[in-house]
Each structure stands twice: as structure tokens, then as C-alpha cells.
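Report on the following structure.
In what follows, residues are counted from 1 in the order of the sequence shown. First listed ligand is number 1; within each ligand, the first listed atom is number 1.
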Amino acid sequence: MLSKRAAFTTSTVRFGGSSRVGRLFVISASSGTGKTTLAHVLLKEDLNLIQSVSYTTRSPRGNEVNEKDYHFVTMKEFLEIKRKKGFLEWADVFGRYYGTPKKEVAEHQKNGKDVLLLIDVQGAKKIKKIRPDAVFIFLAPPSKEELRKRLEKRGTESKKEINRRLRVATRELVELNDPALCDYRIVNRDINKAREVLRAIINAERNH
Ligand code: 5GP
């Protein structure tokens, strides 16, 4: 389930007093792989782990809450933040813009919190270039068929959109298998097992 550690990260933990700087964890997965569900479980159990709330130009779905699930903004607002260099990274994902707020991530880390980014593969690649100290975890679906089933069950995308997401997922699977990009790879067959593995990775890296 867990691939060999492919790269070492630089420790950001400082010893003594309260000067610990939080670590940055990047979980990347194709749409429908289950990263949001997994992250919610983990965040409930681990009070030193905090999720960075991204900005997006897409509209809220179902019971999503502004400021909690995403900062839902207009394209004009998004571009203004981008112009002011407010994003650590940003990407166009399926025609909508998504961005990780630079200041919020820095503040959480400064306060000793470990920060979790749940972002797409393009975003992970950008973070890799500017934050090589981050820990990169790739969550993979058990198979393409299973991914299709999960997307269909979620029922939030049309058939055309599901097919588009599957095409992108196939390409991303190849990209994320690159050990230069990914430190750990977890196959999400069973949410409880995936959670245990993820928790073990986070604990190990915290003490690294
Ligand atoms: P959704 O619209 O389904 O919530 O997210 C679509 C994709 O965008 C998911 O793969 C999600 O992880 C990714 N995403 C969410 N926030 C960000 C972000 O700030 N940056 C990047 N690059 N991707 C993001």
C-alpha cells in the first residue's frame, strides 16, 4: 500500500521552547479518489493539523460552507489576489481557478501548526519547486473502474464531466508515480487503512 520513501525532506522542527515551525503536507489525488473524506477524518483526530482553505472561482456544492470548505470568490477577486502575489500556488482545474493562500499557510506554520494542502497534481508540482521541504503524499484509487464508480456515486458531475475527470486522472496517475514528485503513495482501497497509513506518515515526518 505504501511505496518506498523516495526523497528526504528537510526538517523544519526547531527544538526548545515553543519555536517549532509546522510542517507542510501536500496530499494530491485525482478528483473522486476520496482525499476530502480522508482529510476530514484525520483533521478531526489531529488537533495540530490544520487544512489550508483554498480560494476558488467555482460555486459552492450542496452543503459546502464559505470560508470553511473554500473561500468562494468571483474571478475578479481571484485575479486581484493573484496580482498581489497572494497565492503560494494556483491552478486552472476543469475550467475553474483554485489557489492556496500564501499568508494563511505561513501563519499556521509559524504558530507551530502542521498544514495540510489538498490540491491537484498541477498545484503539487508547483509547490514542489518552491517548497522542497514539504511532504508529498499521493492518494491513488485502486483502479480506474473504481474511480469511475466513485465519481458516479458522488453524483455531482455529468457523464461528460466524469469522462473528462477520468482522462485527467489517467494522466495524473502516471505523473504522480514519479518518485521525484511524490514521497509517499497510498492506494485508497479502504478508508480506515488509508487513514492509519496517513497518520503514521504524518507522525513519522513530524518527528523527523
Ligand atoms: P473540487 O472542485 O472537486 O472541490 O476540487 C477540484 C480539484 O481541485 C481537486 O483535485 C482539489 O484537490 C483541487 N484543489 C482544491 N483547492 C486547490 C488549490 O488551492 N490549488 C490547486 N492546485 N488545486 C486545488
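For ligand 1, the atoms sitting less than 4.0 Å from at least one non-hydrogen atom of A91 are 22 (N), numbered in the order shown with element in parentheses. Which parts of ligand 1 touch G99 is read off a 4.0 Å heavy-atom cut-off, strictly below it: atoms 18 (C), 19 (O). Within the listing of ligand 1, atoms 22 (N) sit less than 4.0 angstrom from a heavy atom of G123.
Here F72 pairs with Y70 under the ring-ring contact (aromatic ring centres under 6.0 Å, His included) rule; sequence neighbours left out.
Checked by distance only, ligand 1 and K35 come closer than 3.5 Å through their nitrogen or oxygen atoms. When only interatomic distances are considered, the shortest N/O to N/O separation between R58 and ligand 1 falls below 3.5 Å. For ligand 1, one of its N or O atoms has an N or O atom of S54 under 3.5 Å away.
Contacts of R61 with ligand 1, taken as heavy-atom pairs under 4.0 Å, involve the side chain alone.
Heavy-atom proximity to atom 5 (O) of ligand 1, evaluated over F94, Y97, Y70, F87, is greatest for Y70. For the residues T36, V168, T33, D120, the heavy atom positioned nearest atom 13 (C) of ligand 1 is part of D120. Of the candidates L118, I127, V93, it is L118 that places a heavy atom closest to atom 14 (N) of ligand 1.
Among protein heavy atoms, the minimum distance from atom 20 (N) of ligand 1 is reached at E89 OE2, 2.7 Å. Ranking the protein heavy atoms by distance from atom 6 (C) of ligand 1 puts Y98 OH, 3.6 Å first.
For the pair R165 and F94, the cation-pi test (distance below 6.0 Å, angle within 45°) is passed.
No side-chain donor-acceptor contact under 3.5 Å links K193 to the backbone of V187. A donor-acceptor pair under 3.5 Å is formed between the side chain of D183 and the backbone N or O of F136.
With no hydrogens or angles considered, a side-chain donor-acceptor pair links Y184 and E205 at under 3.5 Å.
Between F78 and W90, the ring planes lie perpendicular to each other; the angle is over 60°, past the 30° to 60° tilted range.
Between E172 and K125 there is no salt bridge, since no side-chain N of the basic residue sits under 4.0 Å from a carboxylate O of the acidic one.
The salt bridge (charged side-chain N to carboxylate O under 4.0 Å, His left out) analysis of residues 30-48, with sequence neighbours excluded, yields the pairs E45-R195, E45-R199, D46-R206.
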